[in-house]
Amino acid sequence: MEPLTSAGHSVYFESNLAALKVLLESNKYSKVFVLADEHTSEVCLPLFQSLLDFSEFDLIETAAGEENKNIDFCIGIWKTLLDFEADRKSLMINLGGGVITDMGGFIASTYKRGIDFVNIPTTLLSQVDASVGGKTGIDIDNVKNMVGTFTLPQMVFIETGFLETLPERELLSGFAEMIKHGLIYDKPYYEKLKAGSYLTPSAEDIYRSVEIKNEVVTIDPHEKNLRKILNFGHTIGHAIEGYSLTNDENPLTHGEAIAIGFVCEAALSINNSTLTTEELEDISKYILSLYPKYHIKKESYDTLLELMKSDKKNEDGNILFSLLETTGKCAFNCRATKADILSSLDYYNSL
């Protein structure tokens, strides 16, 4: 597959890290660091090493999980870089899922005002979502990605071989972002995904998802306008994800949470846009056929609203949504009343 060019850097598909070998040979980095979590270092690092055949790096290992994507872990990794005498000619390779690429990119972009980094996403979610766009970030008090930068990696590598290491639940989590790309931008792609299986996402479908996101972020790299459509399902979904993270014994994955957001925000679209009832029913039925039903407790509604008020898309104190005009087309900067938001949560619970 041909690489995609995204805002000055390339995304390589099934390339066996060939361009990374060239980068390492030509740039003469003073030190190379690989950031991975405890799971990635066990199941993905061996494949990385076999593809690259390069052992001159220092491994920095961190705990796995969204709950660790915070400033405390960043401080620990910054101190580790200092201990290893990392200078501004160092390179960080982020090997892992979205937590690692988000946090690793933030750490690299801020350490000594910025060092080069490369992203090698190893989960379906990170390959189709975090692989392009230059967003880095960490969470604050369960509010997602509240501190971060727009900083581009040197390059991104998508190798589907890493997906063989994933459990079914993680594949399903990443598949939600693929569904989103179809819902907001490409109805035929959405219909194709419905006819396929999340257990065996094809390299072509992964490529199409990355291509869609790349088209959007190339037009609007700093999320001033069109890029906001990529947040469909995320205003409510992120709030539910944050709530679940601290209140559920087995917290929802990102994909499970935003899938709930798809249904709720599709219901909001009925009131605020031109989405039809038939389309809402189709989306709801499809999502519930894939993702386990989650009960949104009535007593959590106020907390969820407060989390939504902290969403980074909001302006002038208004909670803003990206809502579907129809399947395959999305509007942004849409306002919704508190009553409509609560009604959308009730709609999901009623299914």
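Below, all heavy atoms of this structure are taken into account, side chains as well, without hydrogens, waters or symmetry copies. Quick note: residue numbers are just sequence positions, from 1.
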Under 3.5 Å donor-acceptor, Asp87 side chain and Lys89 backbone: yes
Donor-acceptor side-chain pairing of Gln154 and Asn27 below 3.5 angstrom: no
Residue pairs fulfilling salt bridge (charged side-chain N to carboxylate O under 4.0 Å, His left out) with at least one residue in residues 287-309, sequence neighbours excluded: Lys298-Asp346, Glu306-Lys309
Any donor-acceptor pair under 3.5 Å from His181 side chain to Glu177 backbone: yes
N/O donor-acceptor pair under 3.5 Å between Asp37 side chain and Ala64 backbone: no
Aromatic plane relationship, Phe57 with Phe54 - under 30° parallel, 30 to 60° tilted, over 60° perpendicular: parallel
Residues Thr149 and Thr136: side-chain donor-acceptor under 3.5 angstrom: yes
Any side-chain donor near an acceptor of the partner, Ser209 and Tyr189, under 3.5 Å: yes
No-hydrogen, no-angle side-chain donor-acceptor test under 3.5 Å, Thr274 and Glu325: no
Tyr12 and Glu159: side chain donor to acceptor below 3.5 Å: no
Ionic contact status for Asp102 with Lys69, cut-off 4.0 Å: yes
Tyr111 OH to Thr80 OG1 distance, which is reported to the nearest 0.5 Å: 10.0 Å
Flag for Asn145-Lys135: side-chain donor and acceptor within less than 3.5 Å: no
Stepwise ring-ring contact (aromatic ring centres under 6.0 Å, His included) test for Phe262 and Phe232: CA-CA 7 Å; Phe262 295 162; Phe232 170 68; 5.5 Å; yes
Atom pair CZ/CG of Phe73 and Asp139 - distance to nearest 0.5 Å: 12.5 Å
Side chains of Thr123 and Glu170, donor plus acceptor under 3.5 Å: no
Carboxylate-amine/guanidinium contact Lys144 Glu241, below 4.0 Å: yes
Same apolar cluster (I L V M F W Y, side chains within < 4.5 Å links), Leu351/Leu290: yes
Donor-acceptor under 3.5 Å (Ser109 side chain, Gly105 main chain): yes
Thr235 to Met308 - nearest heavy-atom pair and separation: O-CG, 3.7 Å
